[in-house]
Amino acid sequence: MARETDLDKLRHSTAHVMAEAVLELFPDAQIAIGPSIENGFYYDFELPRALTQEDLDVITENMKAIMKEGKPFIRKEVSRDEAREFFADQKYKLELLDAIPEGEVVTMYNQGKFTDLCRGPHVESTKDLVPEGFKLLNIAGAYWRGSEKNQMLTRIYGTAWTSGKDLRAYLDHLADIEKRDHRKLGKELDLFSLHEEAGPGLVYWHPRGARIRLAIEDFWRNEHYKNGYEMVYTPHVGKSWLWETSGHLGFYKEGMYPPMEMDNVDYYAKPMNCPFHIMIYQNGKRSYRDLPFRWAELGTVYRYEKAGALHGLLRVRGFTQDDAHLFVTPDQMDEEIMEVLRFSLYMLHSFGFKDIHAYISTQPEKSVGEKEKWDAATEALKRAVEKEGLEYDIDEGGGAFYGPKIDLKIKDAIGREWQLSTVQFDFNLPERFDLTFVDKDGVEKRPYMIHRALLGSIERFFGVLVEHYAGAFPPWLSPDQIAIIPVAAVAYDYAKDLEKKFRAEGFRVVNDLSDDRMNAKIRKAQKMKIPYMLIIGEKEMANGQVSVRYRTGKQVNGVDVDAFIAEVKEKVENKEQI
RNA sequence: GCCCUUGUAGCUCAGUAGGUAGAGCACCACCAUGGUAAGGUGGGGGUCGUCGGUUCAAAUCCGCUCGAGGGCUCCA
């Protein structure tokens with residue numbers, strides 16, 4: 001167990017004080033566990049009734065009072081019997097006690113009226129805690145010991161810092177996260193919607209969202225061609241034998257939409273694209289001269305995610321993977337892995353993600369395929385990651401049963417990690433579908449198969465992008481790149497000319513000819529986070545110019561139209577933010 | 001699936017101790033033609049998520065159900 005930092009100690013001790021305060025309110029409460037966590041702490045209780053916000057206020061006041069009293073935290077080593085007797089009416093503590101290995105010292109910590117079974121460490125006294133530096137945040141349900149078979153407890157989450165200033169900074173950070181929420185911005189910027197009445201977890205892309213998606217997809221397709229991929233399109237449903245052969249019906253059935261029967265055969269909506277790409281592979285006798293195949297598809301798949309797991313665009317039931325499958329000979333493996341990783345990084349960088357961390361997952365206990373293959377593939381993954389100079393962690397035994405993999409996690413603008421790219425070896429499907437290629441020596445051999453997704457799923461990636469940019473997309477992605485804002489009706493003809501000109505240049509333009517006042521038009525464009533606003537009136541008309549107001553608030557008046565076009569083009573081409 | 005919270009006009013939200021619904025924005029109409037974040041006036045729009053119960057009377061109380069949010073679990 002890692003040594004606890006001072007902040008961990010503070011948080012853990014604050015959790016104990018919270019438990020004391022809760023027991024003051026509910027003397028009969030059963031207490032479970034209360035550790036420190038990132039940014040705070042929690043404690044789980046079994047309570048006689050549901051908590052309200054008022055309860056939290058009372059608990060908070062109790063806690064502050066306890067902190068002011070300055071009660072020492074006292075550590076005490078006890079025998080198991082002593083502990084068992086002390087916690088006779090605390091069933092969870094008794095269970096925890098039983099789980100402590102024989103021979104390990106049992107310790108209890110006391111402060112004021114509260115004593116907990118706890119290995120510590122804690123601060124010296126409750127007066128070392130910071131009344132103005134903590135806040136109880138929310139109430140949630142949590143299973144005892146994290147198992148859904150067990151009793152659901154009430155968990156109170158809190159945050160704690162060494163000063164009121166740090167607390168405020170953290171609360172500001174939480175507010176920032178809320179402002180960036182892609183569900184909120186998706187509504188405000190009119191990007192997408194979800195309709196429970198039409199099916200939970202299924203996404204509707206509005207025109208403005210679709211424009212962003214198309215910009216992403218166009219870029220994605222072009223880059224794939226440049227990197228030697230071919231595009232394929234495959235069906236959305238397939239007969240059950242495909243999924244029996246692939247093993248999905250065996251291992252993954254509860255994650256699939258239920259079957260549709262037609263002509264006495266069950267059809268399933270695809271949860272993955274692999275079997276379909278394999279069908280294309282199977283369509284002919286393959287030679288080593290043909291390999292590698294790199295087949296990519298923006299393939300829409302359907303998976304049954306539990307209702308409680310659905311979350312905006314980040315967790316949905318129908319989504320589009322930016323999928324590709326590589327069929328390679330064993331001696332092409334190294335080179336192909338290098339290329340896939342390089343390509344992944346290039347894509348992520350293009351979208352403004354610079355901070356990238358790799359995770360390599362190796363052979364688990366239960367797996368298919370020979371050990372030599374696993375080792376060779378794992379080594380290839382490591383070599384690739386090292387060659388790109390990426391920091392990486394190894395998750396020993398964390399691979400899927402069918403092969404090792406690399407996952408790439410990016411950090412967004414406010415430091416949150418998201419897993420996007422994944423590159424996975426598959427020793428299973430080539431076997432199950434009996435894939436072969438004819439090698440130089442005329443012998444049929446098994447190809448290697450690599451699954452990879454660079455962005456993950458378009459929906460999820462889009463959600464991450466919205467939060468990363470807080471809705472202020474760089475011009476190349478922005479749904480509207482330019483807003484034309486004529487000051488008065490006299491400038492409408494000029495506005496229309498400009499609009500035509502910009503469209504001819506390939507820009508996405510909105511021309512605001514409404515009878516709003518200019519100020520209102522600016523406000524609207526600003527709220528839609530349009531990067532360039534062009535204010536035009538008599539002055540600009542006379543000189544064939546535009547006045548540019550940037551989303552950032554900067555203004556430049558009297559700009560020649562061609563100079564403006566060149567400026568925007570450069571930003572778009574370089575995928576730069578303004 | 002489980003726990004807690006929650007569901008009132010397109011959106012954001014008010015609705016005090018139960019007496020048959022309000023605001024702002026958006027939308028429509030008219031007036032106003034305006035130089036860097038909301039011009040004015042008027043208007044249309046809701047069976048208060050669904051079903052059932054208590055009551056003379058329910059958006060307000062109770063039950064069921066369907067969603068959503070925060071968690072837990074799950075994510076081969």
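Small disclaimer: the values here were computed from a predicted structure and weren't measured. In what follows, chains are A, B, ... by sequence order, proteins preceding strands, each numbered from 1.
- For Lys409(A), the salt bridge (charged side-chain N to carboxylate O under 4.0 Å, His left out) criterion is met by no residue, not counting sequence neighbours.
- Atom name C1', nucleotides rC62(B) and rU55(B): the rounded distance is 12 Å, in whole Å.
- Between rA37(B), rC74(B), rG70(B), one nucleotide has an atom nearer to the side chain of Gln526(A) than all others, and that is rA37(B).
- Residue His311(A) is classed as a sugar-phosphate contact, given heavy-atom separations below 4.0 Å to backbone atoms only.
- When each of rG70(B), rG39(B), rA37(B) is scored by its nearest atom to the side-chain atoms of Ala520(A), the top-ranked nucleotide is rG39(B).
- For RNA chain B, none of the residues of residues 358-370 of chain A falls under the heavy-atom distance limit of 4.0 Å.
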Protein and nucleotides 29-35 of chain B: nitrogen or oxygen contacts under 3.5 angstrom:
residue: rA32(B); atom: N1; partner: Asp515(A); partner atom: O; Å: 3.3
residue: rU33(B); atom: O2; partner: Ala489(A); partner atom: N; Å: 3.3
residue: rG34(B); atom: O2'; partner: Arg517(A); partner atom: NH2; Å: 3.0
residue: rG34(B); atom: N7; partner: Val487(A); partner atom: O; Å: 2.5
residue: rG35(B); atom: O6; partner: Glu538(A); partner atom: N; Å: 3.1
residue: rG35(B); atom: O6; partner: Lys539(A); partner atom: N; Å: 3.1
residue: rG35(B); atom: N1; partner: Glu540(A); partner atom: OE1; Å: 2.9
residue: rG35(B); atom: N1; partner: Glu540(A); partner atom: OE2; Å: 3.4
residue: rG35(B); atom: N2; partner: Glu540(A); partner atom: OE2; Å: 2.8

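- Rounded to whole Å, the separation between the P atoms of rC56(B) and rU47(B) comes to 28 Å.
- Of the side-chain N and O atoms in Tyr143(A), none sit less than 4.0 angstrom from OP1 or OP2 of rC4(B).
- Both Lys524(A) and Leu310(A) lie close to RNA chain B; mapped to their nearest nucleotides by heavy-atom distance, the more 5′-ward contact belongs to Lys524(A).
- The ring pair (Phe, Tyr, Trp, His ring centres under 6.0 Å) check on Tyr494(A) picks up nothing, with sequence neighbours excluded.
- rA59(B) and rG19(B): their P atoms are spaced 10 Å apart (whole Å).
- Taking Tyr267(A) as the reference, nothing meets the ring pair (Phe, Tyr, Trp, His ring centres under 6.0 Å) condition, with sequence neighbours excluded.
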Revision key, fill the gap. Under the rule of Watson-Crick or G-U wobble with both distances under 3.5 Å, where | means paired to another strand and [ ] a crossing pair, RNA chain B maps to (((((((..((((........)))).(((((.......))))).....(.(((.......))).))))))))....
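- Taking side-chain N and O atoms only, Arg183(A) has a distance below 4.0 Å to OP1 or OP2 of rG70(B).
- Between the C1' atoms of rG43(B) and rA9(B), the separation comes to 15 Å (whole Å).
- The gap from the C1' atom of rC25(B) to that of rA14(B) amounts to 15 Å, rounded to the nearest Å.
- Distance check on atom C1': rG63(B) versus rC72(B) gives 27 Å, rounded to whole Å.
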